[in-house]
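All of these numbers come straight from a predicted model, not from anything done at the bench. The first residue of the sequence shown is numbered 1, and numbering continues consecutively from there.
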Amino acid sequence: MRYDLVIFDNDGVLVDSEPISNRLLAAYLTELGHPTTYEESIRDYMGSAMHRIHELILERTGQRLPADFDEVFHRRVFAAFERELQPVAGVTGVLEKLAVDGVPYCVASSGSHARIRVGHRTTGLDRWFTEDRVFSSEDVGRGKPAPDLFLYAAERMGVAPERCAVVEDSPLGVQAAVAAGMDVYGFTAMTPAARLAGAGHLFADMGALADLLV
């Protein structure tokens, strides 16, 4: 394989969480007086760290979200994950292939460590990701689209950025990976290919990823 490290985004790439979380985010923002459709949530917030949601609402409305916004939102999301969450179709086969070939991999997500762990435990992906393979925007000062998280993950894994492949499904994540100097594989299952145009490679079937990385 041409890479020394494969870095996966989490939501929408490893776990099929984006439909669940964006449905709940749109509903909660609307409940708080900031009318938001599911489609608008996908467009504006998919791939974002929580601080970006606060910043955009403040910028657009001049109003701050409640102090307990993150806590309430995560409680709702975690409950829904326990009921509904599934791994992205084909991703376990990719992880198996990487493990067999001895290719290091990790996850670098805008989500919190708690969110990543709930999702992995619910879907059974926790067997593939020990603590030393899990990186969150909580670990760095700036989330995506800043490159900090991907650079931090590469440093912790002991691999130079130019030897890394990043698998992303959000425009913010693609921007971050490009800024980090890494090869980017844009997963278009939920995001139109045009919005991931910065990625060097585009694909719609997660099961095909292992062959693309060779």
Side-chain angles (χ1 to χ4, degrees), residues 1-18 46-50 81 85 87-170 172-187 189 196 199-201 203 206-214:
M1 189 169 288
R2 68 180 111 164
Y3 302 105
D4 295 332
L5 177 66
V6 179
I7 305 176
F8 292 92
D9 177 42
N10 188 56
D11 294 291
V13 170
L14 295 175
V15 296
D16 194 15
S17 54
E18 294 292 8
M46 183 171 158
S48 298
M50 291 300 292
F81 280 4
L85 191 62
V88 168
V91 79
T92 54
V94 175
L95 295 171
E96 287 171 356
K97 181 72 162 55
L98 293 176
V100 167
D101 291 348
V103 179
Y105 62 86
C106 65
V107 57
S109 172
S110 292
S112 66
H113 278 281
R115 177 183 173 121
I116 297 167
R117 278 302 172 208
V118 167
H120 286 190
R121 185 178 68 249
T122 302
T123 59
L125 292 181
D126 53 346
R127 67 182 289 248
W128 299 102
F129 291 93
T130 51
E131 287 295 335
D132 59 344
R133 293 176 186 256
V134 177
F135 305 102
S136 160
S137 61
E138 291 180 325
D139 301 327
V140 295
R142 299 182 299 168
K144 305 168 188 179
D148 304 36
L149 176 56
F150 288 131
L151 293 172
Y152 176 75
E155 179 183 11
R156 290 291 301 273
M157 296 293 291
V159 177
E162 63 270 19
R163 298 295 303 158
C164 298
V166 173
V167 187
E168 264 288 354
D169 71 330
S170 77
L172 293 176
V174 169
Q175 291 175 45
V178 169
M182 301 176 178
D183 275 2
V184 191
Y185 289 74
F187 183 43
L196 302 180
H201 318 268
F203 69 106
M206 184 58 72
L209 177 62
D211 290 335
L212 295 175
L213 291 169
V214 175

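Ionic pairing of Arg156 and Asp139 is not present here: no N-O contact between side-chain nitrogen and carboxylate oxygen is shorter than 4.0 angstrom.
When side chains are defined from C-beta on, Met157 does not count as touching Ile7, because their heavy atoms never get closer than 4.5 Å. Side-chain contact between Leu95 and Phe8 is present, with at least one heavy-atom pair separated by less than 4.5 Å. Contact check for Val13 versus Val91: no side-chain heavy atoms found under the 4.5 Å cut-off. Side-chain contact check for Lys97 versus Leu209: every heavy-atom pair is 4.5 Å or farther apart. At least one side-chain heavy atom of Val134 sits under 4.5 Å from a side-chain heavy atom of His113. Under the 4.5 Å side-chain criterion, counting only non-hydrogen atoms from C-beta, Thr92 is in contact with Leu125. Contact annotation: the side chain of Trp128 never approaches that of Leu98 to less than 4.5 Å [non-hydrogen atoms, C-beta and beyond].
Residue Ser17 holds its OG atom at 4.5 Å from CZ of Phe81, rounded to the nearest 0.5 Å. The structure places CE of Met182 at 12.5 Å from CZ of Arg163, a figure rounded to the nearest 0.5 Å. Here the CD atom belonging to Glu96 is positioned 11.5 Å from the CG atom belonging to Asp101, to the nearest 0.5 angstrom. If you take CG on Leu149 and NZ on Lys144, they are separated by 6.0 Å, rounding to the nearest 0.5 Å. Of the inter-residue distances, the one linking Asp211 atom CG with Phe203 atom CZ reads 11.5 Å to the nearest 0.5 angstrom. The CZ atom of Arg115 sits 4.0 Å away from atom CG of Asp11, with the distance rounded to the nearest 0.5 Å.
Heavy atoms only, all atoms of each residue included: Ala199 and Val174 are closest at N-CG1, 3.5 Å. Scanning both residues, Phe135 and Ala153, for their nearest heavy atoms gives CD1-CB, 3.6 Å. Of all heavy-atom pairs between Asp16 and Val88, the closest is N-CG2, 3.8 Å. The two residues Leu14 and Val107 have their closest heavy-atom pair at CD1-CG2, 3.8 Å. For the residue pair Met46 and Ser170, the shortest heavy atom distance occurs at O-CB, 3.7 Å. Among all heavy-atom pairs drawn from Ala165 and Tyr185, the shortest one is CB-CE1, 3.9 Å.
No donor-acceptor pair under 3.5 Å is formed between the side chain of Ser109 and the backbone N or O of Ser136. The backbone N or O of Ser137 lies less than 3.5 Å from no partner atom in the side chain of Arg142, so there is not a single donor-acceptor pair.
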Practice item. Could you go through the side-chain contact (heavy atoms from CB on, under 4.5 Å) check for Val166 and Asp9 one step at a time? Key: CA-CA 8 Å; Val166 173; Asp9 177 42; over 6 Å; no

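Phe129 has its ring centre less than 6.0 Å from the ring centre of Tyr105.
Remark: Asp169 pairs with no residue by the salt bridge (charged side-chain N to carboxylate O under 4.0 Å, His left out) rule, at least two apart or across chains.
Residue pairs meeting the salt bridge (charged side-chain N to carboxylate O under 4.0 Å, His left out) criterion with at least one partner in residues 126-138, sequence neighbours excluded, are Arg117-Glu131.
Using modelled atom types, one finds a donor on one side chain and an acceptor on the other under 3.5 Å when comparing Asp183 with Tyr3.
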